[in-house]
Colleague: 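This is the structure I want to talk about, given as structure tokens.
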Amino acid sequence: MKNILVTGGTGYIGSHGVVALIESGYTPIIVDNLSNSSKEVLENIQKITGIKPDFYEIDLRDYENLESVFQKYDFEAVLHFAWAKAVGESSEKPFYYYENNILGSLNLFELMEQYDCKKIIFSSSATVYDSIKSPPFVETDMTGNTTNPYGTTKFLIENILKDLVNHKSFQVVNLRYFNPVGAHKSWLIGENPNGIPNNLLPFIMKVVVGELPAVQVFWDDYETKDGTGERDYIHVLDLIDGHLKALNFIEKSQENTWFFEVFNLGTGSATSVKEMIQFTSEIIGREVLYSIKPRRTGDLPSSFCDPLKAEKVLGWKAQISIKEAIEDSYNFMKKR
Ligand code: NAD
Ligand code: UFG
């Protein structure tokens with residue numbers, strides 16, 4: 001069975017990736033410093049799959065300890081999820097974001113080169129697109145002019161990976177996620193950030209379970225269908241299916257080819273904040289309270305993708321509806 005290194009594998013998206021890898025016959029090995037996750041996730045992965053994956057509590061910035069993992073295993077490929085990801089916090093603590101995300105990634109890439117494992121699937125983000133263009137975003141659109149240090153770290157690492165393709169024969173699938181939501185169908189793993197959530201659906205869920213009083217809607221006078229912000233929400237299980245297809249793409253490619261292949265992972269349609277609140281009310285059978293607040297700095301009115309390249313090249317298309325994703329998040333929140 002092929003060993004896959006999963007950085008950030010106890011996190012929200014990474015844990016779903018680990019489950020899917022096990023179910024597809026791979027052996028995932030997790031490296032995570034638990035800065036935004038907990039060991040409990042490992043028990044839940046075991047409940048779902050029957051297997052407790054090998055786990056190393058290591059910070060990617062710790063080169064020596066990270067190297068000990070490369071010494072122990074022969075890796076077929078790396079799925080690189082580990083990242084500090086709070087957009088707002090990144091403006092308050094830019095140096096932490098540069099150090100954690102860039103230094104951590106550099107250590108990882110250097111060890112990949114040294115131990116001759118050059119296949120990587122990178123978790124990039126819609127935030128790398130230059131907002132001068134209106135959506136839908138296509139893979140060939142301009143990137144850059146990022147509006148926060150989080151986005152800058154994604155943009156910089158995309159460019160460093162391009163260099164490693166050109167000069168060190170890396171094979172890179174660069175996945176630009178739109179807005180991941182939802183939870184595993186067992187409702188044992190999902191997204192439940194500590195403290196007050198930054199993202200919309202986890203915030204709505206905290207209101208639903210009574211931990212927060214009302215949803216704050218960041219502005220209702222955008223030029224969108226109902227004035228509130230629109231996003232391309234994608235179920236985390238669809239997103240992870242995209243990773244399996246990407247892994248297959250890398251594995252099928254010739255050993256002596258190297259590439260930086262970009263794919264958007266989104267549904268191609270946009271849902272507004274008010275629609276998200278309305279759908280949640282319908283699912284739980286009662287009203288979800290909200291109030292209108294000023295615009296959040298750096299927010300785009302609308303962001304959604306053109307997902308056709310992933311369909312044509314990878315044979316991947318999002319299948320799960322936004323309502324089902326909200327239902328899964330709700331069930332996960334009730335069960336946790
Ligand atoms: P998450 O915070 O749940 O998971 C990230 C994991 O990485 C956490 O378990 C954290 O403990 C770990 N980590 C952070 N820094 C580390 C370090 N230096 N060394 C070792 N481990 C470290 O986040 P997520 O939502 O699962 O995101 C996964 C990836 O997807 C990230 O790269 C993120 O930027 C990207 N992404 C997420 C979204 C989203 O909305 N969730 C959107 C676009 C892209
Ligand atoms: N929103 C609210 N109230 C909230 C939170 C969000 O009204 O409490 C609105 C925002 O203004 C926006 C929409 O809900 O219109 C979605 O906001 P999120 O914070 O959930 O998501 P973003 O699109 O701002 O950013 C997310 C991730 C980034 C990632 C990006 C693209 O946080 O890491 O998607 O993938 F880069």
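Remember, it's 1-based here, ligands and their atoms both numbered in the order they're listed.
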Colleague: Would you call the rings of His80 and Phe122 parallel, tilted or perpendicular, where under 30° means parallel and over 60° means perpendicular?
Modeller: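 Rings of His80 and Phe122: tilted, as their planes differ by 30° to 60°.
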
Colleague: Can you tell me which portion of Asp299 lies within the under-4.0 Å heavy-atom range of ligand 2? Options are side chain, backbone, both, or neither.
Modeller: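 Near ligand 2, Asp299 shows its side chain, while the N, CA, C and O stay back.
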
Colleague: Closer than 4.0 Å to some heavy atom of Gln216 - which atoms of ligand 2 meet that?
Modeller: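 Answer, ordered by atom number: 2 (C), 3 (N), 4 (C), 7 (O), 8 (O).
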
Colleague: In terms of relative ring orientation, are Tyr56 and Tyr73 parallel, tilted or perpendicular, with 30° and 60° separating the classes?
Modeller: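 Ring orientation of Tyr56 relative to Tyr73: perpendicular.
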
Colleague: Which protein non-hydrogen atom lies closest to atom 35 (O) of ligand 2, naming both residue and atom, and how far is it?
Modeller: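 Residue, atom and distance for the closest contact: Phe178 O, 2.5 Å.
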
Colleague: Any N or O on Asn179 sitting closer than 3.5 Å to an N or O of ligand 2?
Modeller: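 There is such a contact, yes.
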
Colleague: Please say whether the positively charged group of Arg176, taken as NZ for Lys or CZ for Arg, lies over the ring of Phe263, i.e. under 6.0 angstrom from the six-membered ring centre and within 45 degrees of the axis.
Modeller: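 The answer is no, since Arg176 fails at least one limit relative to Phe263.
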
Colleague: Can you tell me which residue and heavy atom of the protein come closest to atom 18 (P) of ligand 2, and the distance to 0.1 Å?
Modeller: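 Its nearest protein heavy-atom neighbour is Asn199 ND2, 3.5 Å.
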
Colleague: Would you say Tyr233 contacts ligand 2, with heavy atoms under 4.0 Å as the rule?
Modeller: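 The answer is yes: ligand 2 sits under 4.0 Å from a heavy atom of Tyr233.
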
Colleague: By number and element, which atoms of ligand 2 are closer than 4.0 Å to a non-hydrogen atom of Val217?
Modeller: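 Under 4.0 Å from Val217, ligand 2 has these atoms: 7 (O).
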
Colleague: How are the rings of Tyr115 and Phe70 set to each other: parallel, tilted or perpendicular (split at 30° and 60°)?
Modeller: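 Ring orientation of Tyr115 relative to Phe70: tilted.
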
Colleague: So, Tyr177 versus His243, ring centres under 6.0 angstrom or not?
Modeller: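 Close enough - the centres of the two rings lie under 6.0 Å apart.
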
Colleague: Do Asn3 and Glu76 have side-chain N/O donor and acceptor atoms under 3.5 Å apart?
Modeller: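 Judged by distance alone, the side chains do not pair up.
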
Colleague: For ligand 2, which atoms have a heavy atom of Asn198 less than 4.0 angstrom away?
Modeller: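 It comes down to these atoms of ligand 2: 5 (C), 19 (O).
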
Colleague: Would you kindly check if the NZ (Lys) or CZ (Arg) of Lys323 is within the cone defined by 45 degrees around the ring axis of Phe279 and under 6.0 Å from the six-membered ring centre?
Modeller: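 Yes, a cation-pi geometry holds between Lys323 and Phe279.
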
Colleague: Find all atoms of ligand 2 within a distance of less than 4.0 Å from any non-hydrogen atom belonging to Tyr150, and give their numbers and elements.
Modeller: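 Per the distance check, 33 (O), 36 (F).
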
Colleague: Which ILVMFWY residues can you reach from Tyr222 by hopping between side chains whose heavy atoms are under 4.5 Å apart?
Modeller: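 Direct or chained contacts put Tyr222 with Trp219.
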
Colleague: Between CG of Asp74 and CG of Leu5, what distance do you get to the nearest 0.5 Å?
Modeller: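 Asp74 CG to Leu5 CG: 12.0 Å, rounded to 0.5 Å.
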
Colleague: Salt-bridge test for Glu113 and Lys119: reply yes if a basic N is under 4.0 Å from a carboxylate O, no otherwise.
Modeller: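 Lys119 and Glu113: not salt-bridged.
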
Colleague: Just distances here: any N/O of Leu200 and N/O of ligand 2 closer than 3.5 Å?
Modeller: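 Yes, there is a polar N/O contact under 3.5 Å.
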
Colleague: Give every residue pair that meets the salt bridge (Lys or Arg N to Asp or Glu O under 4.0 Å) criterion with at least one member in residues 264-281, sequence neighbours excluded.
Modeller: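 For residues 264-281: Lys225-Glu275.
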
Colleague: Would one find an N or O of Val273, backbone or side chain, under 3.5 Å from an N or O of ligand 2?
Modeller: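 There is no such contact.
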
Colleague: Find the distance between CD1 (Ile240) and NE2 (His184) and round it off to the nearest 0.5 Å.
Modeller: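 Here the interatomic distance stands at 10.5 Å.
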
Colleague: Collect the protein residues that have a non-hydrogen atom under 4.0 Å from ligand 1 and hand them over in chain and number order.
Modeller: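 Answer by chain and number: Gly8, Thr10, Gly11, Tyr12, Ile13, Asp32, Asn33, Leu34, Ser35, Asn36, Ser37, Ile58, Asp59, Leu60, Phe81, Ala82, Trp83, Lys85, Asn100, Ser123, Ser124, Ser125, Tyr150, Lys154, Tyr177, Phe178, Pro180.
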
Colleague: Which atoms of ligand 2 are found less than 4.0 Å from any heavy atom of Ser125?
Modeller: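 Those qualifying, in numeric order: 29 (C), 31 (C), 35 (O), 36 (F).
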
Colleague: When you look for heavy atoms under 4.0 Å from ligand 2, do you find them on the side chain of Trp219, its backbone, both, or neither?
Modeller: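 Looking at Trp219 and ligand 2, no heavy atom falls under 4.0 Å.
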
Colleague: May I ask you to establish whether Lys168 and Trp258 are in a cation-pi arrangement, using a distance under 6.0 Å from NZ or CZ to the six-membered ring centre and at most 45° from the ring axis?
Modeller: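 Judged by the rule (NZ or CZ under 6.0 Å from the ring centre, within 45° of its axis), Lys168 is not positioned above Trp258.
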
Colleague: To the nearest 0.1 Å, how far is atom 28 (C) of ligand 2 from its closest protein heavy atom, and which atom is that?
Modeller: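 Scanning the protein heavy atoms, the shortest distance from atom 28 (C) of ligand 2 goes to Val87 CG2, 3.9 Å.
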
Colleague: Using a 4.0 Å cutoff against the non-hydrogen atoms of Tyr177, which atoms of ligand 2 qualify?
Modeller: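 Counting from 1, the qualifying ligand atoms are 31 (C), 35 (O).
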
Colleague: Using side-chain contact (heavy atoms from CB on, under 4.5 Å) as the criterion, point out the one residue from Asn145, Asn264, Val138, Leu300 that pairs with Tyr129.
Modeller: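 Only one of Asn145, Asn264, Val138, Leu300 forms a side-chain contact (heavy atoms from CB on, under 4.5 Å) with Tyr129, namely Asn264.
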
Colleague: Of the choices Arg231, Arg296, Lys274, which has the non-hydrogen atom that lies closest to atom 24 (O) of ligand 2?
Modeller: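 The residue whose heavy atom sits nearest atom 24 (O) of ligand 2 is Arg296.
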
Colleague: Using a 4.0 Å cutoff against the non-hydrogen atoms of Thr127, which atoms of ligand 2 qualify?
Modeller: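 Result: 36 (F).
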
Colleague: For ligand 2, is any non-hydrogen atom under 4.0 Å from Phe218's backbone (N, CA, C, O), its side chain (CB onward), both, or neither?
Modeller: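 Under 4.0 Å from ligand 2, Phe218 contributes backbone and side-chain atoms.
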
Colleague: Side chain to side chain donor-acceptor pair (under 3.5 Å) with Asp299: which residues, sequence neighbours excluded?
Modeller: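 For Asp299 the side chain to side chain donor-acceptor pair (under 3.5 Å) partners, ignoring immediate neighbours, are Arg296.
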
Colleague: What part of Leu201 sits under 4.0 Å from ligand 2 if we count only heavy atoms: the side chain, the backbone, both or neither?
Modeller: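 Under 4.0 Å from ligand 2, Leu201 contributes no heavy atoms.
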
